[in-house]
Participant: 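One structure follows; several queries about it will come next.
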Amino acid sequence: MKYDFMLIRYAELAIKGKNRKKFEQILEKNIRQALKPFDGAKTSRSFGRIFIELNGHEEEKIAEAIKPVYGIYSFSPAVRTESNEKAMQENALWMLNDAFGNQHGTFKVSVRRTDKTYPVSSQEMNHVIGGYLLRNLTDKSVDVHDPDVEVNVEIREDATYILCKRYEGMKGLPVGSSGKSLLMLSGGLDSPVAGIYALKKGVTLEAVHFHSPPYTNDRAKKKAEDLARVMTRYGGRIKLHTVSFTEIQKAIRQQIPDNYEITVTRRFMLRIAEKIAEETGAKAVVTGESLGQVASQTLESMHAINAVTAFPVLRPLLTAEKLDIVEDAKKFGTHDISTRPYDDCCTIFLPAESKTKPKPEKAARYESWLDIEQLVAEAVSAREIQIIDAKDSGINEEISELF
């Protein structure tokens, strides 16, 4: 036997009121994008549900493809069968065995009879199917209150639909439903995790990476590209803006006191990010900052850095623990790339001591010795832009309403 359909459920979209249809359309589009490698797999939508017709494809592969799609609460493979007792019993038994594998456990049967012409009531069919399953499953038992697996059966006019296995989705909102933001993407652990968190709330991302050749090499740059490529699994293609930051860092090194170098560096990065965001139509900048983690991430430092812009700066990891960020990086698939031993521009020019409580007015006075507008404009105009797509190779080179 094979599964015929995948039933997709979503939760947070249900509260969107008049905009719900728009969110559902975006989610269906994102699912279709994930299904591109599967010829013949089709989607359809009814109130509160999206269906995938598998058209012969294995449900495990379809499940793997759609699992990273934000906006999906859960999904279940389903079988369409004839509306007779034997067919329902045999399909339910096969599906329950598939759901349990070799594990022991409990189950319940829930029959819904939307075809009222069917001669047996829903309650009677619960006993008919449940009794058959018990007779053929010696290591399983019934628990109607808190079962490990629930066998859902809907008897409709055209056919009967059965499902019981359930996959957890990524939840959140479909990417593309909450506008565009620009991610400041370093080569570290934090920023890609922050970007994926932003994707979870429906944000479309572009990214900016600061590169300082010859002090940082191409392998450091490739780290950022590979991190962006992993992120495309969760949000589709990403436009990556790579900014040469060497001249600005040299100027800062020459003119700014050591303990204010990091503050001024971050202020320049934020100015550049703001300019790129304005050019690309992004409505906010996303960073991987976590409160108190390093000198530039104290409240005083964030205040001094933010003073150069009125642009919204989103910090999804602001209160996150470092160990939790590391675990999320492993879960998302960015950890091993982030820990490659290639320094980015922030670590190459790291001073011996940094101010943890910098003053915005002091930073502004030190910056007055530099031609800020020219430095920013030259960096923005000279940036490289590339489209990072999920299907690109290179990451491995280095190392109808149912139920």
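As the structure is a computational prediction, the values presented were derived from the model and not from experiment.
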Participant: Run the side-chain contact (heavy atoms from CB on, under 4.5 Å) test against E124 and tell me which residues pass, sequence neighbours left out.
Facilitator: V120, S121
Participant: So that I can tick it off, tell me whether E154 and R156 are bridged by a salt bridge, with the cut-off set at under 4.0 angstrom between side-chain N and carboxylate O.
Facilitator: yes
Participant: What donor-acceptor contacts under 3.5 angstrom involve side-chain atoms of residues 272-288, with partners at least two apart or in another chain?
Facilitator:
| unit_1 | atom_1 | unit_2 | atom_2 | d |
| --- | --- | --- | --- | --- |
| E274 | OE1 | T309 | OG1 | 3.1 |
| E274 | OE2 | T309 | OG1 | 3.4 |
| E279 | OE1 | R383 | NH1 | 3.4 |
| E279 | OE1 | R383 | NH2 | 2.9 |
| T280 | OG1 | I276 | O | 3.0 |
| T280 | OG1 | A277 | O | 3.3 |
| T287 | OG1 | E289 | N | 3.4 |
| T287 | OG1 | E289 | OE1 | 2.8 |

Participant: Tell me whether D328 is salt-bridged to K331, with the criterion being a basic N under 4.0 Å from an acidic carboxylate O.
Facilitator: yes
Participant: Using the six-membered ring of Y132, assess whether NZ or CZ of R135 lies under 6.0 Å from its centre and within 45 degrees of the ring axis.
Facilitator: no
Participant: Do I155 and M88 make a side-chain contact, defined as non-hydrogen atoms from C-beta onward lying under 4.5 Å apart?
Facilitator: yes
Participant: For E327, give me all partners under salt bridge (Lys or Arg N to Asp or Glu O under 4.0 Å), at least two apart in sequence or on another chain.
Facilitator: K330
Participant: Is K140 close enough and on-axis enough to F100, meaning under 6.0 Å and within 45°, for cation-pi?
Facilitator: yes
Participant: Do the side chains of Y161 and F5 get nearer than 4.5 Å, heavy atoms only?
Facilitator: yes
Participant: With a 3.5 Å cut-off and no angle check, do the side chains of S301 and S296 form a donor-acceptor pair?
Facilitator: no
Participant: Answer yes or no: is there an ion pair linking D226 with K222, defined by an N-O contact shorter than 4.0 Å?
Facilitator: yes
Participant: Looking at E28 and R32, is there a salt bridge between them, counting it only when a charged N and a carboxylate O are closer than 4.0 Å?
Facilitator: yes
